[in-house]
Amino acid sequence: MELFSELNLNAKILKAVKDAGYEKPTPIQEKAIPAALDGKDVLGIAQTGTGKTASFTLPMINLLSRGRAQARVPRSLVLCPTRELAAQVAENFDTYAKNLKLS
């Protein structure tokens, strides 16, 4: 795969990805995103800075954007071992879901 647009993500997510300055998925993203979108479990190992966070946040946002939200009912949970990593994951969700009505 050459571009994020080939990963079958929501157009609003693709716009946010492009706005963030990304066009081509990294190897971990190229393999993990399609599998996650197909509903498969994914276990990925890659070095720091290779896009692992986007590998799971993009499919999650895509899935959440399709469903109907109920008031004040959480629909996803991400567990992180440190506060710093939790802040990074939250920032990724904010970046990639900015064009969607998700909170």
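Start at 1 with the first residue, then count along the sequence.
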Got a donor-acceptor contact below 3.5 angstrom from the Asn62 side chain to the Leu9 backbone?
-> no
Test log, rule side-chain contact (heavy atoms from CB on, under 4.5 Å), inputs Phe4 and Gln29 | CA-CA 9 Å; Phe4 274 103; Gln29 294 165 344; 3.3 Å; yes
Work out which heavy atom in Gly51 is nearest to a heavy atom in Thr26; give both atom names and the distance.
-> CA-OG1, 4.4 Å
If you count the non-hydrogen atoms of other residues, nucleotides and ligands that lie under 6.0 Å from NZ in Lys98, is the total more than 12?
-> yes
Separation between OG1 (Thr53) and CZ (Phe93), nearest 0.5 Å, reads 9.5 Å
Heavy-atom closest pair, residues Leu100 and Ser65 | CD1-CB, 3.9 Å
Hey, any chance Leu63 and Leu14 share a hydrophobic cluster, counting ILVMFWY side chains that come within less than 4.5 Å of each other, even indirectly?
-> no
Separation of Leu77 CG from Arg75 CZ (nearest 0.5 Å) | 14.0 Å
Do you know the tightest heavy-atom contact between Ala36 and Val42?
-> N-CG2, 3.8 Å
Indicate the atoms forming the closest heavy-atom contact of Val17 with Leu58, along with that distance.
-> CG2-CD2, 3.8 Å
For atom CZ of Arg66, decide whether the heavy atoms of other residues, nucleotides or ligands shown that lie under 6.0 angstrom number more than 12.
-> yes
Salt bridge (Lys or Arg N to Asp or Glu O under 4.0 Å) contacts touching residues 35-56 (sequence neighbours left out) = none
Would you give the length of the straight line joining atom CZ of Phe56 to atom CG of Asn92, rounded to the nearest 0.5 angstrom?
-> 7.5 Å
